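Accompanying notes for the structure given below.
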Amino acid sequence: MNNLELEKIANEVRKGIVTAVYSAKSGHPGGSLSAADLFTYLYFEEMNVDPKNPKDENRDRFVLSKGHVAPALYSVLAERGFLPKEDLVTLRHTGSYLQGHPDMKHIPGVDMSSGSLGQGFSAAVGMAAAGKFDHKDYRVYSLTGDGEIQEGQIWEAAMWAGHRKLDNLVVIVDNNNLQIDGEIDKVCSPYPIDKKFEAFNFHTINIDGNNFEEIRAAFQEARETKGMPTAIIAKTIKGKGVSFMENEAGWHGKAPNEEQYRIAMEDLEKAGEALCQK
Amino acid sequence: MSEVKKIATRDSYGNALVEIGREHEDLIVLDADLAGATKTCIFQKEFPERHWDCGIAECNMTGIAAGLSTCGKVPFISSFAMFAAGRNYEQVRNSIGYPHLNVKIGATHAGISVGEDGATHQCLEDLALMREIPGMVVINPSDDVEARAAVHAAYDYVGPVYLRFGRLAVPVINDTPDYQFEIGKGIVLREGCDVSIFATGLEVSEALEAAKLLEADGISAEVINIHTIKPLDEELVIRSASKTGRVVTVEEHSVIGGLGSAVAEVLCEKAPTKLLRIGVRDRFGESGPALELLHKYELDAEGIYKKVKAFAK
């Protein structure tokens, strides 16, 4: 799939995110939108997954360690055919299977329940270790937030993954530079992120996480890296694609009102039209 | 009187893992730099490739186990109860309990019988913490025979199980030909009509000794081994309580949240009965030899005898 096609899909994923969060009247649009391009690349280009057989034991695995961006995961899963797109509007509603944070028991395509920050990455490390132990070819991907890596458990997991040389593991840090209380380097700086992962025996790659050319090259490089896991530090724009949400910490965990939803969808419709002109 | 055989249930844990490992390739044992103490070193010796040391990082060990179980492995994570249930509580709840993953938690060094290490390592709250996690099975075996049976049963059961083991060598009391272990089924070890003593873990043998002392005073005590704290054998609790009219619980654990609370919940709702909870009363432990501490905290046969005698009058 070429970059333009991926951009079009990412735009649809963003519409799904905004619609789901608007319908839920709560949720986390900022970090969902920042990572939408990464999700799109993973599910449409990188990972070996099959919506018809979501539990295939040889599939690649994905663990959303920053579980609060569940709207992005659900939207990309819907776009990829794991669940009906019309279900997105039931996000966070009583009785819906689309829980506020990923629930592996009830959502097709979700490989691990997550949401308590720092925990998902450890599970991904366990999956990668199982794959190595069983001499299977599948790869394991995990997305963390840049605020999330303030959690100590992330570094426990990184230490062990590096120690065990899990080169079937890729962690992607969604580096949108914002957490609930503000800019991450003002709250409690995790920088330099790449140097930290390097120190834990990871191969590291810094990219623009909203640029498919760079995303593609990074995942290719990760595949070619042997003897150590890879960390992709993806610089992104929080709220990417919705004009008034971009780079605003206030849109970390807030739903748009009716007027804001209209503007957001207009932004995305225009972006979609522009992509069709390309 | 012949010398009573004593074995620490942590040894039983290590030995049972080896037995299971010989039969089942999917067993993976994880430890957090305590293999020598938790006795998973016994398994490590025979199956080094299936013994994974995670270093001193219990929370990550729990997450790794969660991931492993989604790939068809049956992981047993091993540490001291303080860390396996305490430090790890939220990881167990969210990464294992919520998705109901097939992970077993082997927690050794529970209770004040840890001894000299003192309060920081004497977990008296683990049964309470684990019992309130939906879907978690909580087992506290009383001796070597039961502990080994419990590890096998935990492997066979599909879902999360918390297993509580001790550091102290305790008398073997279940080496009888008809002994059977079934998750959730209490065992009447001694029939009685004046008072029912529900004991768990190493307190079962102490309660049996206390019952002998009570008998000499003309008090007939029924002694019941509750190896499974959850699901609790409610039917047995109600049946015995209805028979004797007085209930005592004995545990090497806080009286808040463990066996005493579990029995109180059942009795209050379904068969109100006078109840005495014997355990550690809302305080931390301290350093000292294990047997001295059990005596000081009145958790030995003599302490139980005195308390039950006063209660049963």
Side-chain angles (χ1 to χ4, degrees), chain A residues 54-63 65 67 99-107 110-136 138 140-142 151-164 166 168-169 200, chain B residues 21 24-33 47-77 79 83-84 87-105 133-135 158-160:
Chain A
K55 295 280 184 197
D56 182 352
E57 62 177 43
N58 294 313
R59 74 191 185 280
D60 290 339
R61 270 80 170 168
F62 175 76
V63 179
S65 202
Q99 291 293 296
H101 292 82
D103 172 6
M104 68 184 287
K105 288 310 234 195
H106 300 104
I107 307 173
V110 171
D111 292 322
M112 180 66 203
S113 300
S114 61
S116 180
L117 294 179
Q119 294 189 24
F121 184 36
S122 291
V125 171
M127 293 173 190
K132 284 278 174 195
F133 182 80
D134 288 337
H135 305 291
K136 296 218 173 200
Y138 67 74
V140 182
Y141 301 85
S142 186
E151 287 281 4
Q153 191 178 340
I154 290 289
W155 302 105
E156 292 184 2
M159 191 184 300
W160 200 79
H163 170 71
R164 303 283 286 212
L166 301 178
N168 55 348
L169 174 73
F200 285 83
Chain B
H24 302 284
E25 288 287 325
D26 56 7
L27 172 67
I28 305 270
V29 176
L30 297 98
D31 209 305
D33 195 43
F47 302 105
E49 74 289 353
R50 284 195 276 150
H51 183 278
W52 297 2
D53 208 318
C54 298
I56 310 167
E58 297 80 8
C59 300
N60 181 50
M61 171 171 69
T62 303
I64 288 173
L68 280 175
S69 75
T70 70
C71 299
K73 304 296 175 198
V74 185
F76 276 65
I77 60 173
S79 185
F83 316 122
R87 182 190 206 92
N88 237 358
Y89 168 73
E90 202 234 317
Q91 278 74 11
V92 173
R93 182 201 186 270
N94 276 325
S95 286
I96 293 174
Y98 176 49
H100 199 73
L101 293 177
N102 193 25
V103 175
K104 321 300 170 183
I105 305 157
I133 296 174
V158 179

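The model shown is predicted, which means the values in this text are computed figures rather than measured ones. Keep in mind that the numbers below use all heavy atoms, side chains included, and drop hydrogens, waters and symmetry copies. In what follows, chains are A, B, ... by sequence order, proteins preceding strands, each numbered from 1.
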What part of [X] gets within 4.5 angstrom of chain B, counting heavy atoms only: side chain, backbone, both, or neither?
X	answer
A:A129	both
A:Y138	side chain
A:E151	neither

Exercise. What is the minimum heavy-atom distance between A:K105 and B:H100, and which atoms define it?
Worked result: NZ-O, 3.9 Å
For this session: Looking only at non-hydrogen atoms, find the nearest pair between A:G126 and B:L68 and report the distance.
Result: O-CD2, 3.5 Å
Problem set entry | Residues that B:E90 engages under side chain to side chain donor-acceptor pair (under 3.5 Å), provided they are two or more places apart | A:S116, A:Q119, B:N94
Seminar exercise, completed: Quick note, salt bridge (charged side-chain N to carboxylate O under 4.0 Å, His left out) partners involving residues 123-134 of chain A, not counting sequence neighbours, are A:K132-A:D167, A:D134-B:K73
For this session: Tell me, yes or no, whether the heavy-atom count around B:R87 atom CZ, taken from other residues, nucleotides or ligands under 6.0 Å, exceeds 12.
Result: no
Problem set entry | Atom group of B:L101 that falls short of 4.5 Å from chain A, counting heavy atoms | side chain
For this session: Just say parallel, tilted or perpendicular for the rings of A:W160 and B:W52, cut-offs at 30° and 60°.
Result: tilted
Rounded at 0.5 Å granularity, tell me how far [atom1] in [X] sits from [atom2] in [Y].
X	Y	atom1	atom2	result
A:H163	B:D53	NE2	CG	8.0 Å
A:W155	B:N60	CH2	CG	13.0 Å
B:E58	A:E156	CD	CD	7.5 Å
A:M127	B:T70	CE	OG1	3.5 Å

Problem set entry | Within-4.5 Å side-chain heavy-atom neighbours: B:Y98 and A:D103 | yes
Problem set entry | Closest-packed option against chain B by number of heavy-atom pairs under 4.5 Å, given A:H106, A:M104, A:E57 | A:M104
Exercise. For chain B, which of A:R61, A:M159, A:H101, A:R164 has the most heavy-atom pairs under 4.5 Å?
Worked result: A:R164
For this session: Applying side chain to side chain contact (heavy atoms under 4.5 Å, CB included), run through B:I28 and A:F133 and close with a yes or a no.
Result: CA-CA 10 Å; B:I28 305 270; A:F133 182 80; 4.1 Å; yes
Exercise. Taking every heavy-atom pair that is under 4.5 Å apart, which of B:A66, B:G55, B:G72, B:P99 has the most such pairs with chain A?
Worked result: B:P99
